[in-house]
Amino acid sequence: MSLRLRLTLLYATLLGGTLLLFGSLVYGLVSLVLVDQVDSILAQQSANILKSLKVNAAGQYDTRLLSEYQSGASNIVFQVWGTDRHLQYSMPRSWQEPLDPVGRQIGQTVYNTTFSLGTHMRVVSVPLITPRGPVGTLQVGVNLALLDATQRALASVLIFLALLSMILSAWIAYLVINRELTPLATATHIATTITKADDLSRRIPLAVPAESEIGQLIQAFNSTLSRLENLFTTQRRFVADVSHELRTPLTVIKGEVGLMRKFREIDDGSLDSIEAEVDRLTRLVGNLLLLAQAESGKLPLDLKSIELDTVLLEVFQQVQTLAGDKIKLQITGIDQISIVADRDRVKQVLLNLLGNAAQYTPAGGLVTVKLERVADKARVIISDTGPGIPAEDLPHIFERFYRGEKSRTRGQGTGFGLGLSIAYWIVRNHGGSIDVSSREGQGTTFSVLFPLTQPA
Ligand SMILES: Nc1ncnc2c1ncn2[C@@H]1O[C@H](COP(=O)(O)OP(=O)(O)OP(=O)(O)O)[C@@H](O)[C@H]1O
Ligand SMILES: [Mg+2]
C-alpha cells in the first residue's frame with residue numbers, strides 16, 4: 001500500500017474513531033436527559049392519580065373516583081392492581097395486559113422500560129399501602145414512541161455527519177498528502193534517471209523549500225552526488241597520472257634496449273639509464289603503495305618513543321651533503337623533544353620537506369630549520385628563501401601528483417609530485433598537522449606539528 005494511501009486511511013480512521021466516541025457520548029447524554037424528563041412526567045402523573053384514590057372502610061383503595069381523573073395527555077396509560085394480581089382498574093379500559101409485570105411485585109417505587117401490548121413503554125410502579133398493609137400497585141406508563149423517534153433521528157444525524165466528515169477529511173487529506181509527496185516522487189524519478197544514465201553531474205532541482213524535510217533529503221542526495229562525482233573524477237585523474245608517470249620510464253627503457261639490440265653490444269650508458277628508470281619506477285610504485293595505505297588509514301606504524309631532535313639532525317646532515325655548497329642550511333634552534341612515532345616515517349616527512357626546500361631554492365639561498373615545543377606538541381619549522389609557491393598552487397600542493405608549473409617544466413627525471421601528499425598523510429596518521437605559508441619570490445615556510453604521545 002502506498003504511503004499516501006496509508007496516511008489517508010490512518011487520518012480517516014483516527015477522525016472516525018474520535019467522532020464515534022463523541023457521537024456516542026452525545027447520544028448517551030441526550031437519551032439520559034430525555035428518559036429523565038419522561039420519568040419526572042410519570043412521577044407527577046402518579047402523584048396526581050394517587051390523590052384521586054381513597055382508602056375505603058374495608059381498607060381497600062376505591063377506584064370509583066378514578067374515572068373522573070383526566071391525565072391531560074393522550075399517551076398516558078395507568079392501571080391499579082390488587083395484591084392478588086387482579087386488575088382493578090385500567091385506563092384505557094381495553095388495556096388488560098400488565099404494563100410492567102415485574103414492577104407489580106417489588107413493593108417499592110420503580111421505573112422500568114417495558115413492552116406492553118407491543119408498545120415500547122416507560123412505566124412507574126408505585127405500591128399502594130394502607131395502614132393495614134400493602135393492597136396493590138399503581139402503574140403509570142407512557143408511550144415511548146416519540147422518544148424513540150427522537151433518538152433514532154439523533155443517531156442518524158450523528159452517523160451521517162460522522163461519515164460525511166470522514167469522507168470529506170479523507171479526501172482533503174489525500175489531496176494534501178499527495179501534494180506534499182509529489183516532490184518526493186519527482187526526486188525519486190530523477191534519482192533513478194541519474195542512476196540509469198550514469199551521469200553524476202546531474203542534480204535534483206530543489207523545487208521545495210530548502211528547510212523542509214524533502215528539501216533536506218534532496219540536498220543530502222545532491223551532496224552525496226557531488227562527493228561521488230568528486231571521487232570518480234579524482235580516481236580517473238589518478239589513473240591518468242599513474243599511466244603517464246609509468247609511460248616515460250618504460251619508453252626510455254624500451255629505447256635503450258632497442259639501441260643495444262641494434263648495435264648488438266651491451267652499452268654501459270644504456271644500462272645505467274635503464275637502471276635509473278627502473279629505480280624511478282620502483283620508487284613510484286613504493287610511493288603509491290604507501291599513499292594508498294596512508295589515505296585509507298591502514299598505514300602500519302611502528303610506534304616508539306623517539307628523539308625528534310636526533311632524527312632532525314640526521315636528516316639535516318643528509319640534505320646538507322646532497323645540497324653541497326649550492327645553498328646555506330642553518331639550524332636556528334633545536335629543543336630536545338621525545339615523541340611517540342614511527343621513526344622511519346617521521347624521517348621521511350622531514351626528508352621530503354627539507355629536500356623540497358633544498359631542491360627548489362636557487363643557488364645562494366638560505367634554508368633554516370627549527371624544532372620547538374608548543375604546549376603538548378612538537379613543532380618543526382622549515383623555511384627557505386626560494387621562489388615561493390604561487391597562490392593558485394598553494395591549495396593543491398598536498399594533492400597526489402600535483403607539481404607546480406616551474407617544477408613540471410623542469411623536465412623529466414625530477415619528482416612525481418607525491419612527496420608532500422605522502423608527508424601530509426604520514427603526519428595525519430600520527431594525529432598531527434602540516435601547514436604551509438608562502439609568498440611568491442620571497443620564500444616558503446612549512447610547519448609540522450606532532451603530538452608528543454599517541455593515543456592507546
Ligand atoms: N619549498 C618549496 N618551495 C617552492 N615550491 C615548493 C616547495 N615545496 C614544494 N613546492 C611545490 O610543490 C610541489 C609539490 O611538491 P612535492 O614534494 O609533493 O612534489 P615534487 O617535489 O615535485 O616531487 P616528489 O617530492 O614526489 O619528488 C612541487 O612540485 C613544487 O612546485
Ligand atoms: Mg618533493
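Counting convention: from 1, in listed order, for ligands and their atoms alike.
The pair E245-R280 meets the salt-bridge criterion, since a charged nitrogen lies less than 4.0 angstrom from a carboxylate oxygen. Using a cutoff of 4.0 Å between basic side-chain nitrogens and carboxylate oxygens, E277 and K254 are not scored as salt-bridged. A salt bridge links R122 with D39; the closest basic N to acidic carboxylate O contact falls under 4.0 Å.
Geometric assessment of R400 against the ring of F238 yields a positive cation-pi assignment under the 6.0 Å and 45° thresholds.
An N or O contact shorter than 3.5 Å is missing between R403 and ligand 1 by distance. Remark: ligand 1 and L420 share an N or O pair separated by less than 3.5 Å (distance only, no angle test). Ligand 1 has an N or O atom lying under 3.5 Å from an N or O atom of G419, backbone or side chain. Considering backbone and side-chain N/O of Q359, none are found under 3.5 Å from N/O of ligand 1. Ligand 1 has no N or O atom lying under 3.5 Å from any N or O atom of G388, backbone or side chain. Between P387 and ligand 1, no N or O atom pair is found at a separation short of 3.5 Å.
For Q219 (side chain) and A210 (main-chain N/O), a donor-acceptor pair under 3.5 Å exists by modelled atom type.
Inclusion of N352 in the first shell of the Mg ion (ligand 2) is not supported: no N, O or S atom falls under 2.8 Å.
More than 12 heavy atoms of other shown residues, nucleotides or ligands fall within 6.0 angstrom of atom CG in D302. More than 12 non-hydrogen atoms from other residues, nucleotides or ligands lie less than 6.0 angstrom from NZ of K326. More than 12 heavy atoms of other residues, nucleotides or ligands sit less than 6.0 Å from atom CD of Q442.
If you number the atoms of ligand 1 from 1 as listed, the ones under 4.0 Å from a heavy atom of G415 come out as 23 (O), 24 (P), 27 (O).
Residue G386 places no heavy atom under 4.0 Å from ligand 1. Every heavy atom of N352 sits 4.0 Å or more from the atoms of ligand 1.
Only the backbone of Y402 comes within contact range of ligand 1, with a heavy atom under 4.0 Å; no side-chain atom does. Using a 4.0 Å cut-off between heavy atoms, T444 contacts ligand 1 through its side chain alone, with no backbone atom that close. The proximity of D393 to ligand 1, defined as any non-hydrogen pair under 4.0 Å, does not occur for either the backbone or the side chain.
Side-chain contact check for Q330 and T368: no donor-acceptor pair (N or O, by modelled atom type) lies under 3.5 Å.
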